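In what follows, a structure is listed as structure tokens, so that the remarks can point back to it.
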Amino acid sequence: ITELSSELQECLPSGDPDSWINDMALKEVLNSFLADLDATKRNMFVRRYFFADTVTDISKTFGISESNAKVTLMRLREKFKEVLKESDIM
């Protein structure tokens with residue numbers, strides 16, 4: 001869980017982590033972000049950051065290398081961070 005938190009920490013606004021979940025604007029931005037992704041990327045993001053799947057599990061599930069999974073997840077985090085900045089949440 002610590003690893004997952006640190007991965008998303010750079011994307012999420014600073015402050016109390018419990019307040020992020022309750023922030024309606026953040027929920028709306030997250031839902032919009034996920035809706036704009038293709039099914040594979042959306043599922044990878046959700047499996048990693050909501051279900052805490054390991055990169056190894058994700059690579060096996062999606063039939064890609066661990067390296068490819070890591071790069072894809074990094075790009076998704078960067079894209080999410082950009083969406084948060086555009087919506088003035090960060």
Side-chain angles (χ1 to χ4, degrees):
I1 299 290
T2 303
E3 180 182 348
L4 297 177
S5 297
S6 65
E7 287 180 13
L8 280 182
Q9 185 174 8
E10 66 186 44
C11 299
L12 296 173
S14 59
D16 178 21
D18 293 330
S19 69
W20 303 331
I21 302 304
N22 297 321
D23 186 350
M24 186 56 84
L26 180 57
K27 287 180 185 178
E28 290 176 13
V29 170
L30 177 59
N31 285 333
S32 177
F33 168 75
L34 292 173
D36 288 344
L37 296 176
D38 66 56
T40 300
K41 288 179 181 173
R42 179 176 49 250
N43 287 326
M44 288 177 71
F45 190 89
V46 169
R47 298 294 321 164
R48 180 69 175 149
Y49 301 114
F50 289 84
F51 295 107
D53 281 7
T54 65
V55 171
T56 301
D57 289 341
I58 289 170
S59 69
K60 289 177 183 175
T61 299
F62 294 95
I64 58 176
S65 69
E66 286 188 37
S67 177
N68 190 315
K70 288 178 185 178
V71 168
T72 300
L73 290 166
M74 179 194 65
R75 289 179 181 160
L76 289 170
R77 287 191 310 273
E78 289 172 353
K79 185 174 181 178
F80 184 48
K81 184 177 181 179
E82 212 35 58
V83 168
L84 289 171
K85 284 181 181 178
E86 290 171 5
S87 62
D88 292 327
I89 290 181
M90 281 192 76

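As the structure is a prediction and not an experimental result, all values here were calculated from the model.
To the nearest 0.5 angstrom, K27 atom NZ is 15.5 Å from S32 atom OG. Separation of atoms CZ (R77) and OG1 (T72) is listed at 10.5 Å; rounding is to 0.5 Å. Atom CG of residue N31 and atom CG of residue L26 lie 9.5 Å apart, to the nearest 0.5 angstrom.
Applying the side chain to side chain contact (heavy atoms under 4.5 Å, CB included) rule to S59 yields the partners I64, E66, A69; only residues at least two apart in sequence or on another chain are considered.
Contact detail for L34 and F45: the closest heavy-atom pair is CD2-CD2, 3.6 Å. The two residues D53 and D57 come nearest to each other via the heavy atoms CB-CB, 4.4 Å. The two residues R42 and L37 make their nearest non-hydrogen contact at NH1-O, 2.8 Å. Between K41 and L76 the shortest heavy-atom distance is O-CD1, 3.6 Å.
Between D36 and V83, every side-chain heavy-atom pair lies at or beyond the 4.5 Å cut-off.
At a threshold of 4.5 Å between side-chain heavy atoms, the hydrophobic network of Ile, Leu, Val, Met, Phe, Trp and Tyr places M74 and V55 in two separate groups.
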Check against side chain to side chain contact (heavy atoms under 4.5 Å, CB included), F80 and L30: CA-CA 8 Å; F80 184 48; L30 177 59; 3.8 Å; yes

Are L73 and Y49 close enough, and set up right, to give a side chain to side chain contact (heavy atoms under 4.5 Å, CB included), and what steps lead you there? CA-CA 10 Å; L73 290 166; Y49 301 114; 4.0 Å; yes

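Because its NZ or CZ atom is both nearer than 6.0 Å to the ring centre of F51 and within 45° of the ring axis, R47 counts as a cation-pi partner of that residue.
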